[in-house]
Amino acid sequence: MSEVADLDLAERARKLFAGPIAFLKSAPGLQFLPDPEAPEIAFAGRSNVGKSSLLNALTNRNGLARTSNTPGRTQELNFFDVGEPLQLRLVDMPGYGFAEAPKDLVRRWRHLVNDYLRGRPVLKRTLVLVDSRHGLKDVDREVMRMLDDAAVSYHIVLTKGDKVKPSALGGLFETTLVEAAKHPAAHPAIFTTSSETGSGIAELRTAILEAATT
Ligand code: GDP
């Protein structure tokens, strides 16, 4: 892409995320999904990875995505409409990997997410959020394999970048790149974000718009 086109996309992304964004609905099962009227970008990550904070930072509002202090209780896909007229939808997937999760809850998560990933042609990309302090865990790798199997392209996003030293963050970035390259559906672009300082947020907005429009 040319530099001019790049700038244009970044500016359009900035405007889009500064404009109307609204919660549409929660879907506890596939029968409750909204009509597939717009490209969808889904957010996945371990509980407490900073998913709600990232959604709020991306959309520039507090409390759009509610942070829950009872990890694993909500087993719903939450849909947010972005743009008026509608341009794309953000889909907040339930967090995974919480400690001591009852087996049937894990099974329900798997069914809900797998059914959604496999049966949703409007799903353009998933963002797999990984805490910069911890790096990829086996549960993340499992989700990456689910995405590989469903052929849903995904970006890894290293969250809470402000919590680690730049040198450590650089190292994590490199090792994550190497590991992602072994996964067929992993997109080569990896992002580092901080919902606290805003770093990486504009770049992620641009990537979301690009995924939705290509
Ligand atoms: P979720 O469970 O994935 O939705 O995670 P939350 O967004 O609720 O975040 C979990 C905790 O991490 C909260 O205490 C947040 O304030 C904190 N947090 C989230 N993102 C960041 C970040 O970018 N930087 C810092 N320093 N803290 C963060």
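Atoms considered below: every heavy atom in the structure, side chains included; atoms not considered: hydrogens, waters and symmetry mates. Numbering of ligands and ligand atoms starts at 1, following listing order.
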Of all the atoms in ligand 1, which lie at a distance below 4.0 Å from a heavy atom belonging to [X]?
X    : answer
S195 : 22 (C), 23 (O)
K163 : 25 (C), 26 (N), 27 (N)
S53  : 6 (P), 7 (O), 9 (O), 15 (C), 19 (C), 20 (N)
N48  : 1 (P), 2 (O), 3 (O), 5 (O), 10 (C), 11 (C)
S194 : 23 (O)

For [X], does the [atom1] atom have more than 12 heavy-atom neighbours from other residues, nucleotides or ligands under 6.0 Å away?
X   : atom1 : value
E84 : CD    : no
K25 : NZ    : yes
N62 : CG    : no

With a 4.0 Å cut-off on N to O distance, would you call [X] and [Y] a salt bridge?
X    : Y    : result
R145 : D149 : no
K137 : E142 : no
E179 : R141 : yes

Output yes when the distance from some N or O of ligand 1 to some N or O of [X] is under 3.5 Å, and no in every other case.
X    : value
V49  : yes
G50  : yes
K51  : yes
T193 : no

Hey, does T159 sit under 4.0 Å from ligand 1 if you only count heavy atoms? no
Quick one: does G45 get a heavy atom under 4.0 Å from ligand 1?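 In this structure, G45 fails to qualify as a contact of ligand 1 - no heavy atom is under 4.0 Å.
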Step through it carefully: locate the ring centre of F191, locate the ring centre of H155, and say whether they are under 6.0 Å apart. yes
Assign the ring pair Y96 / W109 to parallel, tilted or perpendicular, where the plane angle (0 to 90°) is split at 30° and 60°. perpendicular
